[in-house]
Structures are given as C-alpha cells and as structure tokens.
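Working notes, structure below.
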Amino acid sequence: MWCSQCHPDLVLPSLRESLQNLQMDYVDLYLVHWPVAAKPGKPQFPIKREDIMPMDLTGVWRAMEECHRLGLARMIGVSNFTTTKLQELLAIAEIPPAVNQVEMNPIWQQKKLIEFCKDKGIHVTAYSPLGGRSMSNAVLQSEVLEEISKARGKSVAQISLWWIYEQGASMVVKSLKWERLKENMEIFNWELSDEDRFKISQIPQHKRVRVAGMFSPEGASRVDLAVLDIVEM
Ligand SMILES: NC(=O)c1ccc[n+]([C@@H]2O[C@H](COP(=O)([O-])OP(=O)(O)OC[C@H]3O[C@@H](n4cnc5c(N)ncnc54)[C@H](OP(=O)(O)O)[C@@H]3O)[C@@H](O)[C@H]2O)c1
C-alpha cells in the first residue's frame, strides 16, 4: 500500500482496487510500504515534498486488521519499519505484523533489526538482496564476496542470497533475465564455512535506500524527517 493510500479510510478501498486489478479474491500478504503518509491521490514516486504527512499509525493499522478479518489479506505486514516504529506498532496492534520487508544484504546486514524481529516473531524479508539496480553495486562488486564466490564455485549473487537465507530471512530478488532467475533459485545445495561467515560479518556497512530519496524536488531535509518522526534504519 503506497503512502498516498496510507490513511485509515483509504486502506480497504486501496486493497479492493488492487484485488480488482489482479483479478484475485485475496492476497497472501499486504504491506504498508513506508511509515510515511502522503496527500491522498494517485500513487506517485518520488513523492512531492509538500505532500508528505505524518501517518495515523493506529487508524491505518486498524484498517489493515479489517482487511485481514474480511479475508482479503491472509497476512498483514509492514515495510521499511525501524525497531522504534515496530515498537510503536506492536503497542497498539491487535494483530501483530507478520512481516517487515527491508533493505538487507551483506552490505547492509540489519543485525539489530533482525534480532528484534526474531524476538517479536516478525518475519524479515530482504529487498534489494543483491544491492538493487545502480551504477556502482557494492554487493555484486564486493571483493570479499568475490573471493568466497571463487572458493565455493558459486556466483556472488548466490553467495549473497544464501547468506540472507542463513539469517532466517526470505528475499524478493528481481531479474529480467531468465538465466539469472534460475541462478537465483539454485542456492540450496551447499553451505558457507564459519570463516566465510566471519569475513562477511566484517564487511563495511552501507545503506542504499534513503528515506530522503523518496521525496522531490530536492529530497526531504533532516527537519522534515524529524517533524514526521521518521528515522533511518
Ligand atoms: N519495500 C520497498 O521499499 C522496496 C524497495 C526497493 C525494492 N523493493 C523490491 O525488491 C525487489 C528487488 O529489489 P531490487 O530490484 O532493488 O534489487 P535486487 O533484486 O537486489 O537487484 C536487482 C538487480 O540485480 C540484477 N541481478 C539479478 N540477479 C542477478 C544475478 N544473478 N547476477 C547479477 N545481477 C543480477 C538485476 O539485473 P537484470 O534484471 O539485468 O538481471 C537488477 O539490476 C523488487 O521486487 C522491488 O520491488 C522493495
């Protein structure tokens, strides 16, 4: 559910519209995309800076719970929620979020968030598990992963995906190439050594997706984010 639908009275109509587009009776999982609301209207990316609004978390989550009760979403969850935002949500939720989908890969390992979610029974799904589409990709160009890849006879992508799987997370990995889709699914017949795991744990950490990058024209300032009570993960 995009930010412009993140209003208590728009959650259910937004899901019904998606179901109609998909020609389905229900979805397995419905996610709040970001802990941010935007002025109601057609979904747009990036969001106009002047359209950003604080989100009514309780109202929105009650509406998400209604989607579940009506059988339109088998599970409900969130995306891009920090531990602080999850704590806020857990304090008011009658049905806790099943999933938190966040940026996660060997270059942005999310150790604290993973521990928190494990403790609270929230499943983590990794997005951009290969570092996403960008000119310089810190995951696919990682020297540490490259070295492990050569030693194990697996591609760097497979090393990254298997590492995510080992953390107990699932992943949404994307490719427009048939052979890569196949490669990305063939990760289950081998393992990393303890030495490999240690090397990966020492990789310097960089986050790619920034909250401020969601806003146009010049991105949100620190002041905007503080006013909205949004913090980077
Ligand atoms: N919830 C959120 O806020 C959020 C944010 C970002 C993304 N997502 C979702 O996460 C999913 C994936 O994220 P993403 O596209 O950012 O990142 P990704 O899956 O980490 O990276 C996709 C890029 O990796 C390349 N690739 C795929 N498999 C490869 C392989 N085996 N070897 C080398 N390159 C490979 C793809 O190129 P080719 O197509 O040329 O193979 C593409 O450029 C998407 O479904 C997206 O919608 C969610």
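As the structure lists them, so they are numbered: ligands from 1, and atoms in each ligand from 1. Heavy atoms only: backbone and side chains are in, while hydrogens, waters and symmetry mates are out. One is the number of the first residue; the rest follow in order along the sequence.
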*Counting N and O atoms only, with roles assigned by atom type, does the side chain of Q5 sit under 3.5 Å from a partner on the main chain of P13, one being a donor and the other an acceptor?*
no
_Tell me the protein heavy atom at minimum distance from atom 20 (O) of ligand 1, and give that distance in Å._
L130 N, 2.6 Å
*Would you mind running through ligand 1 and noting each atom that sits below 4.0 Å from a heavy atom of S175?*
27 (C), 28 (N), 38 (P), 39 (O), 41 (O)
*Given Q158, M185, R133, R180, which has its nearest heavy atom closest to atom 43 (O) of ligand 1?*
R133
_For ligand 1, the portion of N184 having any non-hydrogen atom under 4.0 Å away_ = side chain
*Could you tell me whether atom 47 (O) of ligand 1 has at least one protein heavy atom nearer than 4.0 Å?*
no
*Which protein heavy atom lies closest to atom 40 (O) of ligand 1, and at what distance to 0.1 Å?*
K177 NZ, 2.7 Å
*asked:* Can you classify the ring geometry of W190 versus W162 as parallel (below 30°), tilted (30 to 60°) or perpendicular (above 60°)?
replied: tilted
*Is it the case that one hydrophobic cluster holds both V78 and L12, taking links as side-chain heavy atoms less than 4.5 Å apart, direct or via other members?*
yes
*Side chain, backbone, both or neither: L140 near ligand 1, heavy atoms under 4.0 Å*: side chain
_When you compare the side chains of Y30 and S14, does any donor N or O come within less than 3.5 Å of an acceptor on the partner?_
yes
_A126, P129, G132: member with heavy atom nearest to atom 21 (O) of ligand 1_ = G132
*Is a side-chain N or O of Q205 found less than 3.5 angstrom from the main chain of P106, in a donor-acceptor match?*
yes
*Residue R208 vicinity, atoms of ligand 1 by number, heavy atom under 4.0 Å*: 16 (O)
*Charged N to carboxylate O under 4.0 angstrom, R180 versus E183?*
no
*What atoms of ligand 1 come within less than 4.0 Å of a heavy atom belonging to A157?*
30 (C), 31 (N), 32 (N)
*Which protein non-hydrogen atom lies closest to atom 9 (C) of ligand 1, naming both residue and atom, and how far is it?*
Y127 CB, 4.0 Å
*What's the shortest distance from atom 12 (C) of ligand 1 to any protein heavy atom, and which residue and atom give it?*
V172 O, 3.2 Å
*Quick one: look at E183 and ligand 1, take heavy-atom pairs under 4.0 Å, and tell me if it's side chain, backbone, both or neither.*
side chain
*V173, any N or O under 3.5 Å of ligand 1 N or O*: no
*Would you mind reporting whether M55 and V36 have side-chain heavy atoms less than 4.5 Å apart?*
no
*Numbering the atoms of ligand 1 from 1, which are under 4.0 Å from a heavy atom of L176?*
38 (P), 39 (O), 41 (O)
_Using modelled atom types and a 3.5 Å cut-off, is there a donor and acceptor pairing between side-chain atoms of R197 and backbone atoms of L192?_
yes
*Output yes when E143 and K199 qualify as a salt bridge under the 4.0 Å nitrogen-oxygen rule, no when they do not.*
no
*Check: D196 side chain, S193 main-chain N or O, donor-acceptor pair, under 3.5 Å*: yes
_Under 3.5 Å donor-acceptor, E65 side chain and E94 backbone_ = yes
*asked:* Students should be able to answer this: which protein heavy-atom is nearest to atom 13 (O) of ligand 1, and at what distance?
replied: S128 N, 3.4 Å
*Classify the contact between N80 and ligand 1 as side chain, backbone, both or neither, using a heavy-atom distance cut-off of under 4.0 Å.*
side chain
*asked:* At under 4.0 Å between heavy atoms, is it the side chain or the backbone of S79 that contacts ligand 1, or both, or neither?
replied: side chain
*Heavy-atom contact under 4.0 Å between G131 and ligand 1?*
yes
*atom 22 (C) of ligand 1: which of E179, K182, K174 has the nearest heavy atom?*
K174
*Answer yes when E186 and K182 have at least one side-chain N-carboxylate O distance shorter than 4.0 Å, and no when they do not.*
yes
